[in-house]
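Only one structure is covered here, and it is reproduced in the block below.
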Number of protein chains: 2
Amino acid sequence: MSTREETPTGNLSTDVAYQSIRAKILSGELGGGEWLRESDLASQLGVSRTPVREALGRLVADGLARHEPNRGVRVEEWTPKDLNEIYDLRVLLESHGTALAALNPATDVIWLEQLASEMSLISEQRHPDFGRLTELNNSFHSTLIESSGNERLKAVVESIVQVPLVRQTFARYNQAELALSMGHHHEMVRAVEAGDPQWAEAVMRAHLRAGWSAMQRFLIASRPKGRAEGRGGPAT
Amino acid sequence: MSTREETPTGNLSTDVAYQSIRAKILSGELGGGEWLRESDLASQLGVSRTPVREALGRLVADGLARHEPNRGVRVEEWTPKDLNEIYDLRVLLESHGTALAALNPATDVIWLEQLASEMSLISEQRHPDFGRLTELNNSFHSTLIESSGNERLKAVVESIVQVPLVRQTFARYNQAELALSMGHHHEMVRAVEAGDPQWAEAVMRAHLRAGWSAMQRFLIASRPKGRAEGRGGPAT
DNA sequence: ATCGCCCGTATTCCATACAATCTTCCCTGA
DNA sequence: TCAGGGAAGATTGTATGGAATACGGGCGAT
């Protein structure tokens, strides 16, 4: 009975359950609206129901799942309105963070430039590795937000941006949009390097609104019937 | 609709525990750094440890408490840097929300005006009821944020602003500042009524930065030794 | 035929028992 | 006197059983 695999970080069953279920939601393996049954997950993960319950509570707090009293927990599903809300906030928060980063002399401009360059290289290939690209892009944005010096800002952005659909922007870009986005990265580095908060902020705002636009096009294309709602879309 | 429920899970014991402990933290009855022992709380509330544990998990997720592995949960304590981070975000988010509210024709201007008027009345008395004033002020701000139409914006602001020290601004105002603040309320209503987002946003920004300034004065006055840190304070 | 009611089933919710882990403090020895 | 070790106590972390609750199907009445 004591032949349990060692977990990478700690030996807490709750973390195992949390990470595991979370990964399945983010990867799309668990689709929106699906029930998360305590017993099923417990036996499936080889732990008892208690840590699973705790993990589900954290997922609900994260906004990745929804709790229905005496019924259970199901995976949250996101409407176009949700995604527009998220992008609206993201533009506001990330552009502000970028301005602060530009004012911060400790911002690691060299690292940002490296990230931007590697992304450019990948994007110019015939079949870009979008997974790697997304990964590097996340690093780029995280680094900027961290450099703002406001830890809550970082926390809030991460909690908002984790919704699956908003991370994978690149896969929906055409060649011109991809090039534009890469240009934004380099321009942001220059603005931060110059210590110009308004420049940096403006580029970030443009960068994100471009992504928002691509996402909206995607939503409209794959919309079943109703019309995409939400005020303040980028370019209507 | 994907409205995230803030407090009510629909459970019984868990909610009782959550509300009860949360109230004690917000009222200051449970001070920063204090341990939240599961057994103590359980017997004290007349429930078992399980719902208490669940409640503690939610408090940690809310940012009101901190979890130390195998040690327990203790009440979060806030530094001047934390409070400055909070105000920085609050200015950003609430002013944005106010701009959106001004663009929203459904915003209930009459209700806002009633709130502003009642606050004015209270503030002009010789011994203002600061508790009631704070309550009305919270309604005013909540109504504006709700009127933005962005539910996530509302959720984020509420989660950030719940830290005890940021709510009770009025008690630290002198007479002139109080009058100024009341004036802001009325001016915001006029700006929203006029459908002028930039006007409304600007007033909200001024309103909050005035509060920030008062809070900083308070922090400096009651600071034990180290100097208050945090970038971008209102009046340095 | 449809509506309402009862009851069986499935699942959460809470309580409690057990295991793992950290802290404290006493004891020992140089 | 003080450092180190180790056992006892306290507390969290995990497992599991029983109570409460919601859903669905069958049956009967109108």
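Proteins come first, then strands; the chains are lettered A, B, ... in the order of their sequence lines, and each starts at number 1.
Taking 4.0 angstrom as the limit, B:His67 places none of its side-chain polar atoms (N or O) nearer than this to OP1 or OP2 of D:dT11. The phosphate of D:dG13 (OP1 or OP2) has no side-chain N or O of A:Thr14 nearer than 4.0 angstrom.
The nearest whole Å value for the distance from the CZ atom in B:Arg58 to the P atom in C:dC13 is 11 Å. Taking atom CG of residue B:Leu12 and atom P of nucleotide D:dA19, one finds them 18 Å apart after rounding to whole Å.
Terminal axes of the helix from C:dA1-D:dT30 to C:dA30-D:dT1 (five pairs each, C1' rotation axis) are separated by 10°, to the nearest 10°.
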Protein-nucleotides 20-24 of chain D N/O pairs under 3.5 Å:
from: D:dC23; atom 1: OP1; to: A:Arg71; atom 2: NE; distance (Å): 3.4

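Looking at B:Asp88 and B:Trp212, their side chains never bring a donor and an acceptor atom within 3.5 Å of each other.
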Output a table of donor-acceptor pairs, distance under 3.5 Å, between side-chain atoms of residues 19-32 of chain A and any protein atom two or more places apart or on a different chain; print 'none' if there are none.
from: A:Ser27; atom 1: OG; to: A:Ala23; atom 2: O; distance (Å): 3.2
from: A:Ser27; atom 1: OG; to: A:Lys24; atom 2: O; distance (Å): 3.3
from: A:Ser27; atom 1: OG; to: A:Glu29; atom 2: N; distance (Å): 3.3

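Listed by residue number, B:Arg49, B:Arg53 are the residues of residues 46-56 of chain B with a heavy-atom contact under 4.0 Å to DNA chain D. For the contact set between residues 33-44 of chain B and DNA chain D, defined by any heavy atom under 4.0 Å, the members are B:Leu36, B:Arg37, B:Glu38.
Listed by first then second residue, pairs satisfying side chain to side chain donor-acceptor pair (under 3.5 Å) with a partner in residues 33-43 of chain A read A:Glu38-A:Arg53, not counting sequence neighbours.
Side-chain rings of B:His96 and A:His96 stay apart, their centers remaining 6.0 Å or farther from each other.
Residues B:Val52 and B:Ala17 share a closest heavy-atom pair of CA-CB, 4.4 Å.
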